[in-house]
2 protein chains.
Amino acid sequence: MSVLHGPVRGVRRDDPREDTRARIEQAALELFTAAGFEQVTIEEIAAAAGTSRRTFFRSVGSKADAVWGDFDGHVDRLATLLERSGDDVPVLTAVLAAYVEVNDYAPEDLPVLRQRMRLILTEPALQAHSQLRYADVDRVVAGYVARRGGESPTALVPRLVATATRAAATTAFEAWLSGAAPSLADALRTAFGQLAEGFPGLR
Amino acid sequence: MSVLHGPVRGVRRDDPREDTRARIEQAALELFTAAGFEQVTIEEIAAAAGTSRRTFFRSVGSKADAVWGDFDGHVDRLATLLERSGDDVPVLTAVLAAYVEVNDYAPEDLPVLRQRMRLILTEPALQAHSQLRYADVDRVVAGYVARRGGESPTALVPRLVATATRAAATTAFEAWLSGAAPSLADALRTAFGQLAEGFPGLR
DNA sequence: GTTGCTGGTGGCACCGGGTGCCCCTACGGT
DNA sequence: ACCGTAGGGGCACCCGGTGCCACCAGCAAC
């Protein structure tokens, strides 16, 4: 699951609030990458962004959010994509397609995405925080699977499909990050393919 | 993935250190269940256990560890079970069997297990922390799958099998907790079955 | 009995993330 | 000139977590 926010997040183009937020996120990303997430204090980030500790918390909410950015927007996009997918396409295929489209970034955005995902997947504190974000994603996917299958969103199969596909997505991200996969979309397709086949050769 | 520690954890039977630890964990569990994880402070737990804040941290390490208990021991048991499983049994079957055996509790231990898992699966702070524990489990399973398949533990398939089976295990735990499954072993078998079949009907 | 060591403990100061509250300042409308 | 409002800074506080030292059993050696 990725992290970059779309081109337009706020309402106005020169929103001063969004401006300081962007400055803070950028400063944070650089410092985290250089020195490690836990080694950098909020005060240092604020200083690097030319603002105060208090403003940091007001604009980004928490230290982890400085890395995650506007993830809620991505979850919303995922939900919209699933809602709009036709009922004729198989469930797993629809989920895969939604994951692929949500994570379709412009080439110039890929370096920053790498930076963020690298932090999220390697720094323990961010790894822990990720579970909370994943839970949001899982709720969306489970809801979709439940709707398609005429089941409750809390039934075993919808939950299982949601967590398993999300596990596949994060594994695909790891593979892409390590350079083992040519592209994110490719890694996602490979992982979902294995999942849908029930891991042939391991049974 | 469960949490209860085995009958003997320490070296001596009347280890005073183990004794205060057990008292603290019990007090913490009761308070967390009654008031919620974040609402209870370390000082309150220490007071309820008849000890001090400093001793709390010395004996249980962190607030989350008061709920998780000796999880490392479970990971070790899982690793041992996988090591000893024969090479003739299919990989997924071996992983399922290991999960089932690791989570085979005596009936009298089930209430406490429910209490702990309920907190871990519902309290956001503990949910976040769980990802770090799951990562340990995933490393063990990925290592086993890699060995059986002659691959690298960091290759896509071993990682994917590890995260997907663990996702199945946690989903099974949720189903068991909510009362939808008669037993933990049953829920695990159902979830692994779905996973191994590649979710028939959704493709 | 005194000495000395050791392990479990408590107290204390400190750090860092996070929040509530108040004040200041710049800006736009009237 | 007069406001209202929004973004920002400062400050005090809470809480989880750690390092350090001081205390006090118990126990071995002399």
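So that the names make sense, note that chain A is the first sequence line, chain B the second, and so on, each numbered from 1.
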* In a check of side chain to side chain donor-acceptor pair (under 3.5 Å) between B:Thr163 and each of A:Thr171, A:Thr170, A:Thr163, which one passes? ->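 The side chain to side chain donor-acceptor pair (under 3.5 Å) with B:Thr163 is passed solely by A:Thr171 among A:Thr171, A:Thr170, A:Thr163.
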Starting at atom [atom1] of [X], determine the distance to atom [atom2] of [N], rounded to an integer number of angstrom.
X: B:Glu38; N: C:dG17; atom1: CD; atom2: P; answer: 17 Å
X: A:His129; N: C:dG17; atom1: NE2; atom2: P; answer: 15 Å
X: A:Ile24; N: D:dG9; atom1: CD1; atom2: C1'; answer: 13 Å
X: B:Gln39; N: D:dC14; atom1: CD; atom2: P; answer: 17 Å
X: B:Arg21; N: C:dG8; atom1: CZ; atom2: C1'; answer: 15 Å
X: A:Glu18; N: D:dG7; atom1: CD; atom2: C1'; answer: 13 Å

* To do: Would you mind checking if B:Arg23 and B:Glu18 are paired as a salt bridge, meaning a charged N to carboxylate O distance below 4.0 Å?
  =>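 Salt bridge absent between B:Glu18 and B:Arg23.
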* From the options A:Arg133, A:Arg166, A:Arg159, select the one residue that forms a salt bridge (Lys or Arg N to Asp or Glu O under 4.0 Å) with A:Asp138. =>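 Among the candidates, only A:Arg166 passes.
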* Structure fact -> 5' to 3', nucleotides 18-25 of chain C under a 4.0 Å protein heavy-atom cut-off (B base, S sugar-phosphate only, - none) gives BBBB----
* Asked: How many angstroms lie between atom CG of A:Leu92 and atom CG of A:Leu96, to the nearest 0.5 angstrom?
  ->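 Spacing of CG (A:Leu92) from CG (A:Leu96) equals 8.5 Å.
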* To do: Find the distance between CG (B:Asp70) and CZ (B:Arg21) and round it off to the nearest 0.5 Å.
  =>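 Here the rounded value is 6.0 Å.
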Are any of [X]'s side-chain N or O atoms less than 4.0 Å away from OP1 or OP2 of [N]?
X: B:Thr20; N: C:dT9; result: yes
X: A:Thr55; N: D:dG9; result: yes
X: B:Ser52; N: C:dT9; result: no
X: A:Thr51; N: D:dG9; result: yes

* Could you tell me whether B:Val40 contacts a base, only the sugar-phosphate backbone, or nothing, with contacts defined as non-hydrogen atoms closer than 4.0 Å? =>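 Touches sugar-phosphate only.
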Side-chain polar contacts of residues 139-151 of chain B - donor-acceptor pairs under 3.5 angstrom, sequence neighbours left out - could you list them?
from: B:Arg139; atom 1: NH2; to: B:Asp136; atom 2: OD1; distance (Å): 2.7
from: B:Tyr144; atom 1: OH; to: B:Ser85; atom 2: OG; distance (Å): 3.2
from: B:Tyr144; atom 1: OH; to: B:Arg148; atom 2: NH1; distance (Å): 2.8
from: B:Arg148; atom 1: NH1; to: B:Val89; atom 2: O; distance (Å): 3.0
from: B:Arg148; atom 1: NH2; to: B:Asp87; atom 2: O; distance (Å): 3.0
from: B:Arg148; atom 1: NH2; to: B:Val89; atom 2: O; distance (Å): 2.9

* Look at the rings of A:Phe192 and A:Tyr99 and say which category their plane angle falls in: under 30° parallel, 30 to 60° tilted, over 60° perpendicular. =>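 It falls in the tilted class, 30° to 60°.
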